Amino acid sequence: MHWADVTAQALAHRGDKHVISTGITPSGEFHIGHLREILTGDMISRAARNAGLDVDFIFIVDDADPLRKVYPFLDEDYSQFIGHQIGSIPAPDLEGKPDFEKFKKDGLSYADYFLNPFLEALRTIGVVPRIIKNMHSYQSGQFNEVSKIACDKADEIREIIERVSSRELADDWFPWSPLDSKGSLEGVVVTGYEFPLVHWKDSHGVEGSSDITKGEGKLPWRIDWPAKWSWIGVTCEAFGKDHGAAGGSYATGREICQLFGYQPPQPLTYEWISLKGQGAMSSSSGNTIGPIEALELVPPEILRLLIAQSKPNKAIEFDTGMSLVNLADEYERLLSRNFDQELEEENLSRRKKVQIEDAIGALGMAKVTTESILESSNVTFRHLCLLAQTKTSDEMVWKSLGYTDTDKPPTSLVDRLNKMKIWIESEHLPEEMRISLIENPQSETFVEFGDEEIKVLEILKKELETCDWNKEDIGNAIPNSAKSIELSPRIAYLVAYSTLMGRSRGPRLAPILAEIERTRIIQILERCLTVINS
RNA sequence: GGGCCUGUAGCUCAGUCAGGUAGAGCAUCCGGCUUUUAACCGGACGGUCGCGGGUUCGAACCCCGUCAGGCCCGCCA
């Protein structure tokens, strides 16, 4: 059973109606790691719906959180906004300075600036959650009841946090962070509480009162989270391992939400995605691959498969090089399998059966919509990569794949070719996928060359010097160089690939050579002969 | 200090929840296609399932211990 179905099954035991929640703080550029948060929730939702449950899938945007610091991609100007809620400060412009103009005119906040492109990417990938903005929820009174309980039971909450997380809270700690005279959540000391007002004194020496029913502040994270479960009615939430550790915010949250008279949601802790060789993704360090960037390179199904095929507790190492190649090929392999037939096989071991069922589940989750019909194109990523690099036009690619004017390639394949071309031109294309000629022959290439190979190489050079420089004649010249002395064409290809590309096999040479000047090719072959004879 | 995850073929991993004869892909090697594709087809090679105990008729799987690596508990998913 697919992991999402396992969670859905657990939910079915609890009831028929469910609110499945996800949440992210849009404090910077979104990355693939955030996609796991959302897709994990999306996949549980899909599985729950498949199981006949009534599901409300939500995405809570934590735009009530404060700006922690001036991130590397921000201008120093932002220091004035440290501690301010990211839903109430201007978005950065191209230089990283706060764009006051746009903020005034269009109301584009810092949070929206990062959120909007992410939502766009989510649509492309088939995720359409109900959006709940946290700051607006505070301002419109959704938190009233829970905030009051939190303030009334401040001592009990303090006890839970201190006991469960085993850390000591300051004497002036209070379960409500008021906004100060400048709109910052930092450096404010709570001096008293009298519902609905929390009295405070800020770092500027100003005193005031915060009305907890009007969003003049917020609950601290460890309370804010269970408060959301409670007023929204969340029954299931997947969250990162940072929240899931012992003494972490889920552990305190599950007790705190009971103070609100609410039962904690079904948890699912997921591992992080790291960029191969560079550690965890982090918005502030710039060590990211954005969902938008990734979607330019591959179809959404492949990105979904990345999340679907790994259990949540499995750390994922991702990169836009060979990982992507393998992932895309895995996707094609899955598509071309005949699961019905595999399941009918006799003497199917339990292990084998589980494997097939998980593959079916992962593929189902990879679909952008549940109605999508996935078609196998029978063209692997590697192969398409090869064609895109060697063919001079799209038409030539289609022709090579056997498509004609009357039998046109499917749009999904056209889309893949376009993305492939972007990938090839980008920095992401791994060296081993790039087609290139060897300019300076390496002597170790010829270690295994015997007399036959050397003889063929000499003839090959002569053939290429005299033949017409088009792909047909070049194509004949290569095997002829061996045939003319009664040898298998195989040797000729081995020689040609070894000398020109430094490997024993490769893509069809003739069309590639035809695109390159004859003199350059001859030069390479001559250098090889020189090295061999020396 | 507390907790989590990982350790299975050269590589990447599945299989561990519901114990029942060690799996996939890639890589390698061999063969075929008297060379449309680093394609495709067929085959081979390859594992003391980290280690040691225990439970069991039977353990990669459950229990205890142990080693190694990674990570979290400072609101970075």
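Residue numbers begin at 1 in each chain, while the letters A, B, ... track the order of the sequences. Just so we're clear, the structure is a prediction, and the values are computed from it rather than from any experiment.
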Determine the interatomic distance between [atom1] on [N] and the same-named atom on [M]; round to the nearest Å.
N: A44(B); M: G7(B); atom1: C1'; answer: 29 Å
N: C17(B); M: C63(B); atom1: C1'; answer: 15 Å
N: G54(B); M: C61(B); atom1: P; answer: 14 Å
N: G10(B); M: G70(B); atom1: P; answer: 23 Å
N: G20(B); M: A59(B); atom1: C1'; answer: 10 Å
N: A22(B); M: G58(B); atom1: C1'; answer: 15 Å
N: C62(B); M: U16(B); atom1: C1'; answer: 10 Å
N: G25(B); M: A60(B); atom1: P; answer: 23 Å

Nearest to side-chain heavy atoms of [X], which nucleotide of [options]:
X: Asp242(A); options: U37(B), C73(B), A14(B); result: C73(B)
X: Lys311(A); options: G15(B), G2(B), A77(B); result: G15(B)
X: Asp65(A); options: C75(B), A77(B), U6(B); result: C75(B)
X: Arg222(A); options: C75(B), C73(B), U37(B); result: C73(B)
X: Ala245(A); options: C72(B), C75(B), C71(B); result: C72(B)

Polar side-chain contact Arg68(A)-C75(B) base: donor and acceptor under 3.5 Å |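 Flag set: donor-acceptor pair detected.
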If every non-hydrogen atom of Met365(A) is compared with every non-hydrogen atom of Met43(A), which pair is closest and at what distance?
->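 Reported closest heavy-atom pair: CE-O, 3.4 Å.
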Please state whether the phosphate of [N], meaning OP1 or OP2, lies under 4.0 angstrom from any side-chain nitrogen or oxygen of [X].
X: Lys399(A); N: U36(B); answer: no
X: Lys241(A); N: C73(B); answer: no
X: Arg167(A); N: C73(B); answer: no

U36(B) C1' sits how many Å from Ile474(A) CD1, rounded?
->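 Rounded to whole Å, this separation is 16 Å.
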Any Lys/Arg nitrogen of Lys399(A) or Glu395(A) sitting under 4.0 Å from an Asp/Glu carboxylate oxygen of the other?
->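 Between Glu395(A) and Lys399(A) there is no salt bridge, as every charged N stays at least 4.0 Å from the carboxylate O atoms.
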Which of these passes ring-ring contact (aromatic ring centres under 6.0 Å, His included) with Trp225(A): Trp231(A), Phe239(A), Phe143(A)?
->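 Exactly one pass, corresponding to Phe239(A).
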Is Phe239(A) stacked on the base of A77(B), meaning ring centres closer than 5.5 Å and planes within 30 degrees of each other?
->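 Stacking between Phe239(A) and A77(B): absent.
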Step-by-step salt bridge (Lys or Arg N to Asp or Glu O under 4.0 Å) determination, Asp62(A) to Lys228(A) = CA-CA 11 Å; Asp62(A) 285 324; Lys228(A) 285 184 283 207; 2.6 Å; yes
Of Lys218(A) and Glu330(A), whose nearest nucleotide on RNA chain B comes first from the 5' end?
->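 The answer here is Glu330(A).
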Which class fits the ring pair Trp221(A) and His243(A): parallel under 30°, tilted 30 to 60°, perpendicular over 60°?
->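 Tilted.
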